Student: 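Before I ask anything, here is the structure I am working with.
None of these values were measured; they are calculated from a predicted model. Lettering follows sequence order; numbering is per chain, from 1.
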Amino acid sequence: MRSFALAAGMACAALCSTTALAAGTPFPQPLAEEALPSVAKLPAQWPASWVMLHDFRFMSIVDGRIAVVDTADPVKPLKGLIRASQFANMLSSRERGEIYTAETFYPRLTRGERTDAITIWDMATLEPKGEIVLPGGKRQQSVTYPHLFQFTNGGQWALIANFTPAQSVTVVDLVNRKVLNEIDLPGCAQIYPTGERGFTSLCADGSLFSVTLDANGAAASSKSVAKVQDIDKQALFGTPAMVGKTAWFVSFHGMIQGIDLSGTVAKPLPGMFSVGTAEGGQPEWRPGGWQVINADAAGKLYVLMSPYGKEGSHKDGGSEVWVVDPVKKVRTMRIALQGQTVAIGLTREDKPMLIAARADAVVDVYDATTGTFVRTLGATAAANPILVQNP
Amino acid sequence: MRSFALAAGMACAALCSTTALAAGTPFPQPLAEEALPSVAKLPAQWPASWVMLHDFRFMSIVDGRIAVVDTADPVKPLKGLIRASQFANMLSSRERGEIYTAETFYPRLTRGERTDAITIWDMATLEPKGEIVLPGGKRQQSVTYPHLFQFTNGGQWALIANFTPAQSVTVVDLVNRKVLNEIDLPGCAQIYPTGERGFTSLCADGSLFSVTLDANGAAASSKSVAKVQDIDKQALFGTPAMVGKTAWFVSFHGMIQGIDLSGTVAKPLPGMFSVGTAEGGQPEWRPGGWQVINADAAGKLYVLMSPYGKEGSHKDGGSEVWVVDPVKKVRTMRIALQGQTVAIGLTREDKPMLIAARADAVVDVYDATTGTFVRTLGATAAANPILVQNP
Amino acid sequence: MRFDKLTEKFARGVARGTSRRSLLALLGAGMTGAAAFPVLPVARAASGGGEGGHGAHPGGAARPPMTSGLEQDPGDQSSCDYWRYCAIDGFLCSCCGGSVNTCPPGTEMSPITWIGTCTNPADGRAYVISYNDCCGTSSCGQCLCNRNEGDRPQVRPQSNNDYNWCLGSQSSVYNCSVAAVIGVALEQPK
Amino acid sequence: MRFDKLTEKFARGVARGTSRRSLLALLGAGMTGAAAFPVLPVARAASGGGEGGHGAHPGGAARPPMTSGLEQDPGDQSSCDYWRYCAIDGFLCSCCGGSVNTCPPGTEMSPITWIGTCTNPADGRAYVISYNDCCGTSSCGQCLCNRNEGDRPQVRPQSNNDYNWCLGSQSSVYNCSVAAVIGVALEQPK
């Protein structure tokens, strides 16, 4: 900083004048000297129109990142980037003003001894303020799912999925920045925070499995609930829409299943129902994309739908969003999208916006209440936006 | 390896048959089981049609690489990738069967303590076989120029440019894998191997400066040669075409200057001459691109030319290659290219091919003798190919 | 803490899995797992899938066909439509310096694999295909291929292609994926 | 070993440099140096420059104009044509979470800079512009801009924009570049 100030000072002492007047200008004073160095800060509380786009950056897998995006600002939508290297996961805490990335590093980029770590980033500066190294080099690497890295214990702790391919969950104390425990969980995947201090995973036989944690992050009790899904015929996408403590899952065929996670044991809600059908399917309308279901603050569900639904189409993206009222179990609206969309999110604004991240990296904004297309942000934030998360 | 064999073995013991006969097939025997694991090797001596493309990968600057490409094989042009992270440089030694990359690393991808290192890669396996750490974190980072990392002392040593912005050259013993010395060289840039054990740099006042090295890699003698170029009016591109020990430089305006590097002091050759002129310039034909001059084994020069030549056009790429005989000082051919080209190289084949790396990442192959377009390799090797180097 | 009871139940559960991939059940959850393949629907855009991208997997840049030369093993090995790729997801090693069953030089083949069953159109046989990831070099970036027929969520690892399977290798950095014949399936695919 | 004699000569040599950038000579070779900007002709393709790319610098994706709101500072700060960018090379911080003279959050501004002189079309004055790199986060990837008027080979660092100028910063990883007004040039540009 000092050396810059010196250089700039020297430059102007020798070379500049702040009073020189160009001939014939209508502006008697020149533009003012601008202060350097200067680094932008973000508001400590991000506006409700801001989202985080996970940029998977598949063409350079080591260089993933999270784009902080103001969906209300088409002129300057990108507010900053946060490193998210190699199949990273992320979390954010508005209360603490912190973002957490779970990443993997090698000292020679692609070689050497592996280090997995959680980095704690300040939401106002996007600077790292701490790190928690995860032992064992076992953090699960997948195309990014939100439910591989989740809060529990009122947001004080994080749960991280491991896959070696042995499956387990690491419990981390984010506040005291230390690893608490590891819970082996063979046969079960994904982490859905459950009750005050615990989580639920989905298991390969179609059951779910809920675990409560003690004060040390060890398992205190557990309970299996059988036959929650039929993975062969009616598999649920792993990423649900969260409405309060209820996780709304959608199946490959468009059936919606709620799971109440408010107690110590997850409770499937009775009455699975369909997002509905429509003409024009080739062969039929089904959910398709990477993040295919999301919810607004009022609890309405939004499902990304493709008319080209068939076995194997479930990651192909969609061209419409179907809005569903899970209380009345009816579809309330169909929203036609501007392009093949991969992930959808809803902003926290009073009048929520539907954010559509497209396969061509364009991000579009729709009025979630009316379905009207509001604006496009263009491909201005990420190379491969695959998740739209609220901070 | 063992665990794979076990898994595969179990899989087939339980699930496979090598004799099962499908009904109605004209093939009585099924396809044979294929051996795993299996990793391709390259010939220890690469064919003369192979080149190395430096992929700068500007969209993910930490993830640069070198693509090994067989320009004679449009079906499988890409033979392998070598890591070349963050403004890396590369060298290759056919004698030792080794490739050298000079790179920069951070333990947390973008943060932490910087390490600069040369990695030694085996040309047959593309596996790293050694590393030489470069002290001080001062390796020059630039858009990649070949003459920031060069051999001397019969290929036993390498010279590496540093820029902090203080300028210096580090001398490394590649065979014994150790750093020998560092030579401060303020005011001079680029490294052109000179004589048996030494180098020449170009200096900011238009002179050149030749240094000889002693057995410890320290400077033994030095000599300045004034007024080699007029940087304001007739600047030379930093990357010359090498013909034996003569470096043929081309200027922004298309003047060619030879410099004899065979002795201990570089010797500018008399008689700078023009690549010629042509109709159709807007405003005029000038060299343009990143690697704008190269040579074939017979000593003919190839210059990448743009009709849109003007101040500031020198990195804009070109649409023709002009072939020049530096002995007769005449242009012998104009080759029209298929697309806007950034870098050109010539293969070591008996009948050399002109390799054109385009701005859209397509690589085209021309017969250098006739100028005929032979084939395109498509954009099958690199995102940002900016150098075409012979291994 | 380890839920051994669950493991036992899980093993039974897997044994009731999907027909095509139930074969894997015998290997147990700990030995198999999902495809190695950092899939991406998103990636379709990168390969120029554009509007026609629905359902269609990306075929990559226009290239001359890459054939085995064997009548019994037909098709273009640089194309996502090639028969062995029925359950692959990632960059095809055929375009990366390797081949349909060989990793590119400088990478390491993942020792643990995901296995699928694909029907060879030439001889009508269902082959057991081992999908191995090649590891230790960053994204090849060529010939991205994503086929999800039979793919199931991560809850069933052996049927899910979103995992990075560079696990037993020295480096977990993903480069590309191969598809090797390791035998003929006892049961015909449906 | 240090060639001090050469340094002395170099300082004199620089003082005879190009008119526009000869201003920098007084700062001495050790204090100035080239633009920070990992230039690329190649990059033009990435921004869709296509065939019309000759001479033209890439303008980036279609976006609404980003203006200062000041009549005396006209133009689109997300466009490579904006007057201050007369000698910039890299991703424009205006598109990356920063502004024309501010680095994006989470990056560090390089303490040492390259300085150019650009003429403001509104008031006709030649301003001294400081081009600083923002460092510590990987490539922004937005609004690549490459203008080489007055650019000279690396032999003259203070007039060359191929250097990565993330040097005095904690990390040398390059993210984007700013263009800040630091004064009015005493001499008019030619």
Student: Of all of D:Ser139, D:Gly136, D:Gly106, D:Pro65, which one pairs up most often with chain A through heavy atoms under 4.5 Å apart?
Tutor: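 Most pairs with chain A among the choices: D:Gly106.
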
Student: For D:Phe91 and D:Gln142, run side chain to side chain contact (heavy atoms under 4.5 Å, CB included): C-alpha distance rounded to whole Å, both residues' side-chain angles, the deciding distance at 0.1 Å, then the answer.
Tutor: CA-CA 6 Å; D:Phe91 302 112; D:Gln142 298 289 334; 5.6 Å; no

Student: Would a 4.5 Å heavy-atom cut-off, applied to side chains only, mark A:Trp50 and A:Arg348 as touching?
Tutor: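 They are not in contact (no side-chain heavy atoms under 4.5 Å apart), so the answer is no.
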
Student: In terms of ring plane angle, is the pair D:Trp165 and D:Tyr163 parallel, tilted or perpendicular, where the classes change at 30° and 60°?
Tutor: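 Judged by the thresholds at 30° and 60°, the geometry between D:Trp165 and D:Tyr163 is perpendicular.
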
Student: Check whether D:Ser99 gets within reach of chain A through its side chain, its backbone, both or neither, counting any heavy atom under 4.5 Å.
Tutor: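 Its backbone and side chain both get close to chain A.
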
Student: Answer yes or no: is there an ion pair linking D:Arg147 with D:Glu149, defined by an N-O contact shorter than 4.0 Å?
Tutor: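 Answer for the salt bridge query: yes.
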
Student: Would you say the SG of D:Cys103 sits under 2.5 Å from the SG of D:Cys134?
Tutor: yes

Student: At a heavy-atom separation under 4.5 Å, does D:Ser138 approach chain A through its side chain, its backbone, both, or neither?
Tutor: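 Both backbone and side chain.
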
Student: Quick test of your reading of the model: are A:Asp73 and A:Lys79 salt-bridged, counting only N-O distances below 4.0 Å?
Tutor: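 A salt bridge is present here (some side-chain N lies under 4.0 Å from a carboxylate O).
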
Student: Against chain D, label A:Ala67 side chain, backbone, both or neither, depending on which of its atoms sit under 4.5 Å from a heavy atom there.
Tutor: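 No part of A:Ala67 comes within 4.5 Å of chain D.
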
Student: Hey, what's the ring geometry for A:Phe56 with A:Phe87, parallel, tilted or perpendicular (30° and 60° as the breaks)?
Tutor: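 The rings of A:Phe56 and A:Phe87 stand perpendicular, inter-plane angle above 60°.
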
Student: Is any NZ, NE, NH1 or NH2 atom of the basic residue among D:Asp73 and D:Arg84 found under 4.0 Å from an Asp or Glu carboxylate oxygen of the other?
Tutor: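 The answer is yes: the pair qualifies as a salt bridge.
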
Student: Could you please state which residues from residues 111-133 of chain A sit under 4.5 angstrom from chain D, measuring non-hydrogen atom to non-hydrogen atom, sorted by number, or 'none'?
Tutor: A:Thr125, A:Leu126, A:Glu127

